[in-house]
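Inspection log for the structure reproduced underneath, given as structure tokens.
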Amino acid sequence: METAPAPAPETVSLEAKSPFEMRVHLGEGVPDTDVRSALKTGDMGFLHSFTTGSAVDGPGIRLVAWTTACMFRCRYCHNPDTWTLSNGIPVTLEKAIEEVRKYANGLKVMRGGFTLSGGEPLMQDRFASRLFEAVHGMGVHTAIETNGMFGDRLSDNELQNIDLVILDMKAFTRSQHELVTGGMHNEDVLEFCNRLAELKRPMWLRYVLVPGLTDIPEEMEAVADFGSSLGVVERVEILPFHQMGRYKWERLKLNYTLEGTEPPTNAQVATAIAIFREAGLDAS
Ligand code: SF4
């Protein structure tokens, strides 16, 4: 981790041009007792930023809040500054709700909505749940982008405040999941997907295509067959790997293993899409 002095959080804008903006140390001044209380109650969250005008984080135009903290260490992660809770700006729940309220009418008119992403939003499940309840109450479409590991932290009732779950599927087999995420298993992820299916909650799946790491046909077929079996997956997005986050790994002095990896070719992307379509899914 960098040792540069932390800027005062109040001097850093909550809005960022994109999540690719590097942000670190912004919540380090918050006492441990306040952090613990925030995680327990959801009165305060830690956010990398808000970004506006996203067309890739759910249906329509989205306002996106990016949380900090994640339990995975995906080798292709393009925002490793969001791994650490204390890198985020401490934001009261009221302030986060007000930030969304500013855009609520526009989001409704544009048939867009609000997306909570990260990091992993369910590392701050109380904050996430209370924010979703408030935003859903405004009549704004809500979505979460999650790796699914902590899905059991949300009750069935709380899930009703989330109109769309965008599940970032790293892999289907346990060994591949561990390889991609730095040793994390995926039993809880699959269990959460099955629960969403039982509850008939709409889902999208995302799969990051990394040549030499995730472009394994059998693995993609297994993800596709599983996704298809759920019966609630409305869409699959194949995300081509890119190197836009590489500078963050370097600046954070993290061990980046994909230095020489090229983005997939159009043909490789088309092959992946075809595998998911073969399973009957709407993939693009
Ligand atoms: S789950 Fe997302 S935020 Fe967490 S390490 Fe993986 S890509 Fe990064």
Side-chain angles (χ1 to χ4, degrees), residues 1 16 18-24 26-27 45-51 54 56-58 64-89 115-125 127-128 143-154 165-172 174 176-193 203-211 213-215 219 223 236-258 261 263-264:
M1 191 65 68
S18 88
F20 292 108
E21 201 174 282
M22 174 93 160
R23 293 186 163 195
V24 289
L26 297 171
F46 291 81
L47 298 180
H48 173 280
S49 58
F50 274 89
T51 57
S54 168
V56 294
D57 295 292
V64 186
W66 307 89
T67 60
T68 50
C70 187
M71 72 295 263
F72 286 5
R73 294 291 178 262
C74 300
R75 290 167 62 178
Y76 53 65
C77 183
H78 55 228
N79 288 316
D81 52 335
T82 64
W83 289 353
T84 309
L85 185 78
S86 62
N87 277 349
I89 304 172
T115 301
L116 192 62
S117 185
E120 169 47 51
L122 295 182
M123 292 285 285
Q124 303 186 55
D125 55 287
F127 178 78
I144 187 170
E145 278 176 7
T146 176
N147 64 35
M149 178 99 179
F150 281 172
D152 63 353
R153 290 185 169 193
L154 296 178
V165 175
I166 303 173
L167 209 300
D168 292 320
M169 287 289 280
K170 314 297 180 187
F172 182 75
R174 181 176 178 141
Q176 173 69 5
H177 198 272
E178 289 175 348
L179 178 73
V180 170
T181 62
M184 302 298 288
H185 72 78
N186 63 338
E187 281 166 31
D188 297 338
V189 177
L190 301 181
E191 205 169 292
F192 182 48
C193 291
M203 291 177 73
W204 288 7
L205 293 186
R206 283 181 150 185
Y207 188 83
V208 181
L209 188 65
V210 188
L213 181 65
T214 68
D215 61 341
E219 191 63 39
V223 172
V236 177
E237 295 180 329
I238 303 298
L239 306 182
F241 167 74
H242 57 70
Q243 292 281 6
M244 284 169 72
R246 176 177 163 180
Y247 84 98
K248 291 189 174 184
W249 286 75
E250 287 167 359
R251 285 185 54 193
L252 293 167
K253 300 195 185 342
L254 296 166
N255 180 28
Y256 188 53
T257 59
L258 301 177
T261 302

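As the structure lists them, so they are numbered: ligands from 1, and atoms in each ligand from 1.
Only the side chain of K170 comes within 4.0 Å of ligand 1, counting heavy atoms alone; its backbone N, CA, C and O stay farther away.
Between the OG1 atom in T68 and the CZ atom in R23 there is a gap of 11.0 Å [rounded to 0.5 Å]. Here the CD1 atom belonging to I166 is positioned 9.5 Å from the CD1 atom belonging to I144, to the nearest 0.5 angstrom.
In this structure T261 satisfies the side-chain hydrogen bond (donor to acceptor under 3.5 Å, both in side chains) test with no other residue, sequence neighbours excluded. For M71, the side-chain contact (heavy atoms from CB on, under 4.5 Å) partners are E120, M123, N147, M149, F150, M184, not counting sequence neighbours.
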Show me, pair by pair, the donor-acceptor contacts under 3.5 angstrom made by side chains of residues 185-192, not counting sequence neighbours?
unit_1 : atom_1 : unit_2 : atom_2 : d
H185   : ND1    : E187   : N      : 3.0
N186   : ND2    : F172   : O      : 2.8
E187   : OE2    : R174   : NH1    : 2.7

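The aromatic rings of H78 and H242 lie parallel to each other, with less than 30° between the two planes, well short of the 60° mark.
Sorted by chain and number, the protein atoms of type N, O or S within less than 2.8 Å of atom 4 (Fe) of ligand 1 are C70 SG.
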